[in-house]
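The block underneath contains the structure these notes are about, expressed in structure tokens.
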Amino acid sequence: MQRLYDFLRRHPMWVDSFWAVLLLGISVLGGSVTEEAQGADLPAVTVPVMILLSLVVALRRRMPEKMLILAMVVGLAQLIADTGTLPANFAFLVIIYTVAADGARWASRIALTGGLCAAPLAQLRWTSEQGVGSSIAIVIFQTVPFALAWVLGDSVRTRRAYLSQLEERADRLEREREAQSKVAVAAERARIARELHDVVAHNVSVMVVQADGAAYVLDTAPDQAKKALETISGTGRQALAEMRRLLGVLRTGEHQESGEYVPQPDVDQLDDLIEEVRTAGLPVDYKIEGTPRPLPSGVELTAYRIVQEALTNTRKHGGPNVGASVRLVYFDDGLGLLVEDDGKGAPHELYEDGGIDGRGHGLIGMRERVGMVGGTLDAGPRPGGGFRISALLPLKPVN
């Protein structure tokens with residue numbers, strides 16, 4: 001039964017053909033009985049009318065507009081040939097409903113007009129001895145089914161259009177969600193790339209400096225070489241921990257399960273960062289101005305990474321005997337950062353390219369971070385030599 005049901009759903013014309021044959025049979029039997037009771041034979045035009053109206057039912061879904069025109073032509077032929085009403089005239093209701101539901105708008109309007117005119121024309125053609133009041137009542141009674149058929153079909157059309165709009169909207173929202181997900185993934189990967197750049201550039205720079213120092217004093221000052229190797233070991237472990245944290249976000253739930261989860265750095269960890277840089281051999285003067293207070297996590301991470309990147313590039317490009325200073329200033333509506341060094345700096349063309357790490361990634365990453373929190377960044381060579389990075393990060397109240 002299920003297979004039969006599915007077949008009929010895929011081929012509705014078979015259902016319509018069944019009802020068309022049934023309507024033709026009822027019309028032939030009903031017409032024969034009527035004419036036999038009246039002692040006359042069926043008019044010659046009656047059988048073609050029955051067949052054509054049954055054909056209207058059979059093909060109503062495949063070609064509704066053409067079947068509507070055929071039904072109207074057959075109806076006019078009935079009026080002219082004086083065949084009277086037949087059971088096959090039920091096809092008029094069916095085609096009016098079908099055109100209102102599935103046909104073109106112009107055909108729907110014609111169907112409504114034809115349905116409203118059918119009863120008055122039939123009453124005028126086959127009038128009887130009834131009075132005017134009775135005739136009007138009959139016309140109204142016969143017109144109601146045609147109007148209801150059209151209203152029902154038009155309601156089905158409206159409901160289908162509404163459902164189609166809902167489906168289209170759902171599809172559009174799904175596509176938008178997919179696009180937003182892709183954008184979010186791309187942004188997260190860009191963030192991870194910036195984080196990895198900062199982590200690797202800073203920690204590897206510290207390890208290289210310490211390794212060079214250890215190699216230089218290995219024979220003359222073994223204790224200093226040992227201390228440098230310990231610094232290299234600690235810095236390497238810290239770099240690995242941060243890289244595990246960053247790469248762990250690419251796997252669902254890993255950062256929750258890992259026992260080595262490391263929180264994002266903030267301004268409170270600048271003391272540790274600067275002490276690490278000092279241990280690596282770069283003198284840094286660090287001062288905090290204003291009243292420290294809670295900051296948005298994005299601002300804290302941005303401030304930490306700017307200082308980290310600036311000091312890393314000072315070690316890479318500052319030359320010998322370079323010194324640096326870091327100023328952290330708490331304003332009423334923002335956090336100010338000023339990182340300066342008195343070294344020789346990178347070649348001037350690298351500043352013009354937008355970066356100071358040999359490929360332009362340093363300043364580009366800083367500008368992206370500052371832009372994400374709505375701040376401003378000013379970076380470039382100092383008039384008296386060295387390099388200066390100044391940033392202003394807006395603050396928002398922390399709930």
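This one's a predicted model, so the numbers in the text were calculated from it and none came from an experiment.
The shortest distance between side-chain heavy atoms of V277 and R315 falls below 4.5 Å. Taking the side chain as every heavy atom from C-beta outward, M72 and I110 approach each other to under 4.5 Å. Inter-residue side-chain proximity for L337 and I389 is flagged as unmet; no heavy-atom pair is nearer than 4.5 Å. The shortest distance between side-chain heavy atoms of Y330 and I288 falls below 4.5 Å. Considering only heavy atoms from C-beta on, D342 comes within 4.5 Å of V322 through its side chain.
Atom OG of S54 and atom CG of L59 lie 11.0 Å apart (nearest 0.5 Å). Taking CD of E275 as the start and CG of L270 as the end, the distance is 13.0 Å to the nearest 0.5 Å. In this structure, the separation between OH on Y286 and CG on L273 is 9.0 Å, given to the nearest 0.5 Å. Between the CG atom of D16 and the CG atom of L55 there is a distance of 11.5 Å, given to the nearest 0.5 Å. One distance of note links CD1 of I274 with CD of Q269; it measures 12.5 Å at 0.5 Å rounding. The structure places CG of L121 at 12.0 Å from CD of Q78, a figure rounded to the nearest 0.5 Å.
Across all non-hydrogen atoms, the minimal contact from L116 to A147 is CD2-CB, 4.4 Å. Between M50 and A88, the shortest heavy-atom distance links the atoms CA-CB, 4.2 Å. In terms of heavy-atom proximity, G103 sits nearest to P64 at CA-CG, 4.3 Å.
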May I have the step-by-step check of side-chain contact (heavy atoms from CB on, under 4.5 Å) for L335 and L328, ending in yes or no? CA-CA 7 Å; L335 177 68; L328 189 66; 3.7 Å; yes
- request: I would like to know whether L24 and I51 meet side-chain contact (heavy atoms from CB on, under 4.5 Å); could you show each step before the answer?
  value: CA-CA 7 Å; L24 178 61; I51 294 175; 4.2 Å; yes
For this session: Could you check L311 against V326 for side-chain contact (heavy atoms from CB on, under 4.5 Å), going step by step and ending with a plain yes or no?
Result: CA-CA 9 Å; L311 295 179; V326 177; 4.2 Å; yes
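Residue pairs meeting the side-chain hydrogen bond (donor to acceptor under 3.5 Å, both in side chains) criterion with at least one partner in residues 138-159, sequence neighbours excluded, are R105-D154, S108-W150.
Residues L70 and M63 share a hydrophobic cluster, clusters being chains of Ile/Leu/Val/Met/Phe/Trp/Tyr side chains in contact below 4.5 Å. Hydrophobic cluster membership differs between L338 and L282, with clusters built from Ile, Leu, Val, Met, Phe, Trp and Tyr side chains linked at under 4.5 angstrom. In this structure, L53 is not a member of the same hydrophobic cluster as Y97, with clusters built from ILVMFWY side-chain heavy atoms closer than 4.5 Å. In the hydrophobic clustering of this structure, V74 groups with W19; members are Ile, Leu, Val, Met, Phe, Trp, Tyr whose side-chain heavy atoms approach within less than 4.5 Å, directly or through other members. Under a hydrophobic-cluster definition in which Ile, Leu, Val, Met, Phe, Trp and Tyr are linked whenever side-chain heavy atoms come within less than 4.5 Å, directly or via other members, V99 and V73 are assigned to different clusters.
The side-chain contact (heavy atoms from CB on, under 4.5 Å) search around V94 returns R60, F90, T98, not counting sequence neighbours. Take L173 and apply the side-chain contact (heavy atoms from CB on, under 4.5 Å) test, not counting sequence neighbours, and it matches R169, E176, R177.
D171 CG: more than 12 foreign heavy atoms inside a 6.0 Å radius. Residue E168 places its CD atom among 12 or fewer non-hydrogen atoms of other residues, nucleotides or ligands, all under 6.0 Å distant.
Using modelled atom types, no side-chain atom of S164 and backbone atom of R160 make a donor-acceptor pair closer than 3.5 Å. Within the 3.5 Å criterion, the main-chain N or O of V267 finds a donor-acceptor partner in the side chain of E300. Between the side chain of R382 and the main chain of D341, a donor-acceptor pair closer than 3.5 Å is present. For the pair D378 (side chain) and S390 (backbone), a donor-acceptor distance under 3.5 Å is absent. The backbone N or O of R327 sits nowhere less than 3.5 Å from a side-chain atom of E289 that would complete a donor-acceptor pair.
Salt bridge annotation for R175-E178: absent, with no cationic side-chain nitrogen under 4.0 angstrom from a carboxylate oxygen.
Of the candidates V329, V370, T376, T376 is the only one forming a side-chain contact (heavy atoms from CB on, under 4.5 Å) with L392.
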